[in-house]
Amino acid sequence: MAKNKIIVVGGGLSGLMATLKICEAGGEVDLFSYCPVKRSHSLCAQGGINACMDTKGEHDSIYEHFDDTVYGGDFLADQLAVKGMVEAAPKLIKMFDRMGVPFTRTPEGVLDLRNFGGQKNKRTCFAGSTTGQQLLYALDEQVRRWEVKGGVTKYEFWEFVKIFKDKNGVCRGIIAQSMNSMEIKAFKADVVILATGGPGQVFGRCTASTICNGSAVSAVYQQGAKIANPEFIQIHPTAIPGSDKNRLMSEACRGEGGRVWVYRDGKPWYFLEDMYPAYGNLVPRDVASRAIFKVCVHMDLGINHDRRVYLDLSHIPADYLERKLGGIIEIYTEFVGKDPRKVPMEIFPSVHYSMGGIYVDRKHFTNIPGLMASGECDHQYHGANRLGANSLLSAAYSGTVSGPEAVKWAKENVSKLCEITDAEIEAARKEVQDEYDKIRQMNGPENAHKLHQEMGEIMYEYVSIERDNNGLDICLGKLKEILKRWENIGVTDHGNWANQEAMFVRQLRNMIIYAMAITKSARSRDESRGAHAKIMLDENGKRIEKDGELQFYPRNDEKFMFTSVVSFDAATEEPVVTYEEFEHSLIKARPRNYAVAKKE
Amino acid sequence: MINVSFYLRRLHSLCGLVLLGGVLIEHLLTNASAMGGPEVFNNGLAMMEQIPQPIFLGIEICLYAVPILFHGIYGVYIAMQAKNNPSEYGYSRNWKFALQRWTAWYLVAFLIWHVGYLRIYTKGIMGEHISYALVQSTLANPVVFALYAIGMFAAIFHFCNGITTFCMTWGITKGPRSQCVVDKGAMGLCVLMCLFTLAFMSSYFM
Amino acid sequence: MAEQKKTVKFIIERQDSPTSKPYTQEFEIPYRPALNVVASLMEIQKNPVTTDGKKVAPVVWECNCLEKVCGACMMVINGRARQACCALIDELEQPIRLQPARTFPVIRDLLIDRSVMFESLKRVQAWVEVDGSWEVKDAPIQNPYTATTAYEISHCMTCGCCLEACPNVGPQSDFIGASPSVQAYLFNLHPLGKFDKEKRLEALMGKGGITSCGNSQNCVEVCPKNIKLTTYLAQLNRDVNKHALKNIFNK
């Protein structure tokens, strides 16, 4: 019997994990990535991966991990999905350990654990401060092994452009383009798994790699796949602001004892410890980001009245820092030129992660049969806010679900699918080819990269830490304008060899359309939950203030404890938001308050 | 797999250090006797000629000709695999890496001349005996003197730097400190041997 | 301030296709603090006009993370192989010369094809032969000191700096270079990876393996991750020699 052919798009942690599982289940994988998979963005994850190992005498339990994740996600995560993930976590760690991930160890040689935001117990396994890199490499090596054995064919430097469907609307393969020869080709498959990561580049400067543009997600969204919870964009509280990108300073800094402060009345004010005595510097990311934003923007206490605060490690012994945080200290020294062992670092929040993504069920199927999504590009596991060190876990875990499920689906369904003719496939290919040829001939006055920068600035202005309905309306209008201006882009490179400019122009359009989905979805959710914090407006459209404090919408479980589901209206190119039920019966929703210790 | 290139390369290293190192030291000691004057030098040569002809030839072929040819020919193959780049990466080890190859090229030409003229033409074909006077008259030409001096320096450097790389290649020195100590020692030896060479070469004209 | 607006000058070596001839173009961009080479190239993308006013195709190069962990943006900057993202303009002599790393085939401009490095990783079997990704049993306890060494080597991001700087790697030679060789050592350290140590040593003894190392030691000088490559190469030499003796006498 012929092996089932699965296409995996994206070679990060999730894509590689899925690939591995598919090979082990007897399937065959065509792995697409627009960089060598070893350079995927997963390697930027620094702090660690959560799993209840309970080796620190704290009586940590899987239930505690489960509850922290659900509570941290402000009760918007599907609880059955989360339960599956936290239960599998310790097994995944052991697997990675066997594969050779150089986890940091205790003197007796077992895995060390560290503290992380939003958790009271030590639960985060780590490899220095480059955990993502180490995990990704382990999977990369195992996939390379399968490549030698013959289960995997890699298509590196191939960009996914679109899926193609048969007449029943089942996804039957993808159209991809070589980034060097620019050849556009159709690839057939029994199942397609997208593991294409987050959409950080929609915000221009962020902590994500330049490759994390969400273009693939947007492409399938325009082809009918639904998106869920895109308004939940995690803003990481501690990043080094930069003009090319904001570089992440891991939460591990705070986990290992780093303190956040600014000067107030000439004296250091440790405002996180002051505002949230129970968790102190280890409050979850959304809480910390809003606090820093408030201190800088509303109280004007930032360093030199700039949007920056101190993250201080200088009180921690240098050799301890070297051992636990070596990698990120190096990043700061390298890119800023100052030594965090001696002076406090200057940081500010930055767009970091998208909790939302393609709408999937617990098995990672999308609403398009034959199309699955896995990793950051799906919407599962994190609800309204992700806990630090849960992303590596969800990425790896989702691959262990999507991979085997893909093979299972293929085995059960392939024989029932209708015939798809070469002419149909060629028509789909031709469409992409025509679109690309048209882009190559674009001759307007706009520069794609400048337009991208502009879009990022708009998104930061209106759809980041604090949102209000006025701003979101303005933002939607501006995005529509940008989409129109996209038509007037001029490319300087009309050639047909490694034409990065043309590819970027195509991605940019997808990014704009995804940005609209984020904004529309944020506009529709009139509450504050997790990373989505919305300020109330009075009837004149002015922000409501009480005692000098901005008034946020409270969480509204009755109206909004639902998944926002966004579908694309092809006629107007606009997003349509609806709400869907999800599973939240295991842990009853309760108010989320990090000023006091969590009560269950 | 029998890994021919691995064994050849290791043999090249061993042959260079032990056999050709021996040849170099033998030459240094023999020629150093010139410092004692013509009698000492000529007596030394005469002693050597007491070795029966077939044995002497055997030694020349096994300990001189074959190792030199092997080390030289395989060495040319190795040197061709390098694109020297000390101008971009001017670290001392990289300079020595390049010098190792440049001295090698010089030594190939030098040895063809030296062996071809002295051993094959003068001694072999013309049947002349090598003597203090012969060497003295040869070196009297300043160009020849310079070429010989450079040839000796090249051989000495090539040998001494070879000690350092030998220790790395055979895994004797592993860490940077031990490698550095051996390197410094070898370079010290190199300077001493060069001075020593200069001394006996000049002694002909003192 | 306006009249003394500082600029940064670049001389970029370009090449339109793998077979076409290289040429250079000059660009000038406005200076700002903490600017690095990748950010400068992005600036050129936004306005791809040379100093003599010619509108040209934007420079093609590869970059991902901009944090010096992905290894993508390696190029030759002022004659030295390094990551472009952490090459700060303030620390570079101007005009800044950018060239592709020609040890590898050039695809276009500064974009190169490093697939040979990934092929070398296959050759040295740089992986642990686990039975599968399923649960087996607890992973073995590891000596924390050995694990620290493994962690250091495991930082290698396959950027290719060590290959570009090595005089013995290039089209003229078949040497696989420091990075893949030392990866073999990484897996020889692992308590399970150790089981296949001899296979990896055997691979390193093959043509273009560790034997081709000429000890120029440029690799350790240019490694952006400060991996003690020469130390591990020497250790590998030791291991390979022992293995060779075993081969000779035990068979």
Side-chain angles (χ1 to χ4, degrees), chain B residues 1-14 16-17 74-102 104 158 161-180 182-183 186, chain C residues 76-82 97 99 101-103 161-162 164-175 199 201-222 228-245 247-248 251:
Chain B
M1 257 313 282
I2 41 166
N3 298 323
V4 181
S5 66
F6 173 80
Y7 291 107
L8 278 179
R9 187 90 180 217
R10 288 295 187 263
L11 202 60
H12 178 259
S13 161
L14 209 55
L17 192 88
Y74 195 70
V76 164
Y77 168 72
I78 292 174
M80 300 235 284
Q81 292 189 341
K83 52 165 206 300
N84 295 312
N85 55 8
S87 52
E88 284 88 16
Y89 303 94
Y91 311 111
S92 96
R93 271 246 52 84
N94 195 31
W95 271 108
K96 285 172 193 156
F97 173 92
L99 273 172
Q100 189 77 354
R101 277 140 188 84
W102 291 333
H158 196 91
N161 187 47
I163 297 175
T164 315
T165 56
F166 179 90
C167 287
M168 294 168 182
T169 304
W170 290 84
I172 298 165
T173 53
K174 181 178 157 187
R177 193 190 58 198
S178 65
Q179 290 179 351
C180 182
V182 170
D183 189 29
Chain C
V76 178
I77 301 169
N78 284 350
R80 280 180 55 110
R82 56 185 300 186
R97 278 177 302 117
Q99 294 163 298
R102 292 198 176 273
T103 287
C161 281
C162 57
E164 171 66 20
C166 178
N168 264 0
V169 179
Q172 80 285 358
S173 133
D174 50 14
F175 183 32
K199 274 197 211 160
L201 293 180
E202 198 68 37
L204 282 178
M205 284 168 68
K207 216 165 166 336
I210 192 168
T211 359
S212 298
C213 168
N215 299 307
S216 78
Q217 300 205 335
N218 285 351
C219 53
V220 76
E221 299 280 355
V222 297
K228 296 190 272 298
L229 291 166
T230 49
T231 304
Y232 305 127
L233 283 172
Q235 175 65 50
L236 279 171
N237 270 323
R238 203 182 274 181
D239 295 343
V240 165
N241 291 334
K242 270 192 222 159
H243 181 69
L245 286 177
N247 267 357
I248 294 170
K251 278 183 187 166

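Note on naming: letters A, B, ... go to the chains in the order of the sequence lines (proteins, then strands), and numbering restarts at 1 for each one. All of these numbers come straight from a predicted model, not from anything done at the bench.
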**Q.** Proximal component of Q179(B), with respect to chain C [non-hydrogen, under 4.5 Å]
**A.** side chain
Q.
Shorter than 4.5 Å, heavy atoms on both sides: which option in E221(C), K228(C), K242(C) has the most such pairs with chain B?
A. E221(C)
Q | chain B contacts, top residue of C166(C), P171(C), G79(C) (heavy-atom pairs, under 4.5 Å) | A | G79(C)
Q. Can you tell which of Q81(B), R93(B), K174(B), E88(B) has the highest number of heavy-atom pairs within less than 4.5 Å of chain C?
A. K174(B)
Q. Using non-hydrogen atoms only, which part of K96(B) is less than 4.5 Å away from chain C: side chain, backbone, both, or neither?
A. neither
**Q.** Straight-line distance of R9(B) CZ to M205(C) CE, nearest 0.5 Å
**A.** 14.0 Å
Q: Report yes if some heavy atom in the side chain of Q217(C) is under 4.5 Å from a heavy atom in the side chain of T165(B); otherwise report no.
A: no
Q. Should V220(C) and Y91(B) be marked as a side chain to side chain contact (heavy atoms under 4.5 Å, CB included) after you check the CA-CA gap, both sets of side-chain angles, and the distance that decides it?
A. CA-CA 11 Å; V220(C) 76; Y91(B) 311 111; over 6 Å; no
Q: Measure across F97(B) and G214(C) and return the closest heavy-atom pair with its distance rounded to 0.1 Å.
A: CD1-O, 3.1 Å
Q) Does the Y89(B) side chain pair with the main chain of A81(C), one donor and one acceptor, at a distance under 3.5 Å? A) yes
Q) Is there a donor-acceptor contact under 3.5 Å from the side chain of N237(C) to the main chain of M168(B)? A) yes
Q.
Could you go through R10(B) and N241(C), starting from their C-alpha distance and side-chain angles, then the distance that decides it, and tell me whether this counts as side chain to side chain contact (heavy atoms under 4.5 Å, CB included)?
A. CA-CA 9 Å; R10(B) 288 295 187 263; N241(C) 291 334; 2.8 Å; yes
Q | Sub-4.5 Å side-chain heavy-atom contact between V240(C) and F6(B) | A | yes
Q. Side chain, backbone, both or neither: which part of Y77(B) has a non-hydrogen atom closer than 4.5 Å to chain C?
A. side chain
Q. How many angstroms lie between SG in C219(C) and CG in N94(B), if you round to the nearest 0.5 Å?
A. 10.5 Å
(Q) Tell me if a side-chain donor or acceptor on N85(B) pairs with a main-chain N or O of A165(C) at a distance below 3.5 Å. (A) yes
Q: Report yes if the side chains of P176(B) and T230(C) come closer than 4.5 Å at any heavy-atom pair, otherwise no.
A: no
Q: Among G209(C), G170(C), S212(C), single out the residue with the greatest number of heavy-atom pairs under 4.5 Å to chain B.
A: S212(C)
**Q.** Contact leader toward chain B among S173(C), S216(C), G208(C), where contacts are heavy-atom pairs under 4.5 Å
**A.** S216(C)
Q: Tell me, for I172(B) versus chain C, whether the close heavy atoms (under 4.5 Å) come from the side chain, the backbone, both or neither.
A: backbone
Q: Would you check if the side chain of K83(B) reaches a backbone N or O of V169(C) as a donor-acceptor pair within less than 3.5 Å?
A: yes
Q) Got N3(B) and T211(C) here, is their nearest side-chain heavy-atom distance under 4.5 Å? A) no
Q) Is it the side chain or the backbone of T173(B) that comes within 4.5 Å of chain C heavy atoms, both, or neither? A) backbone
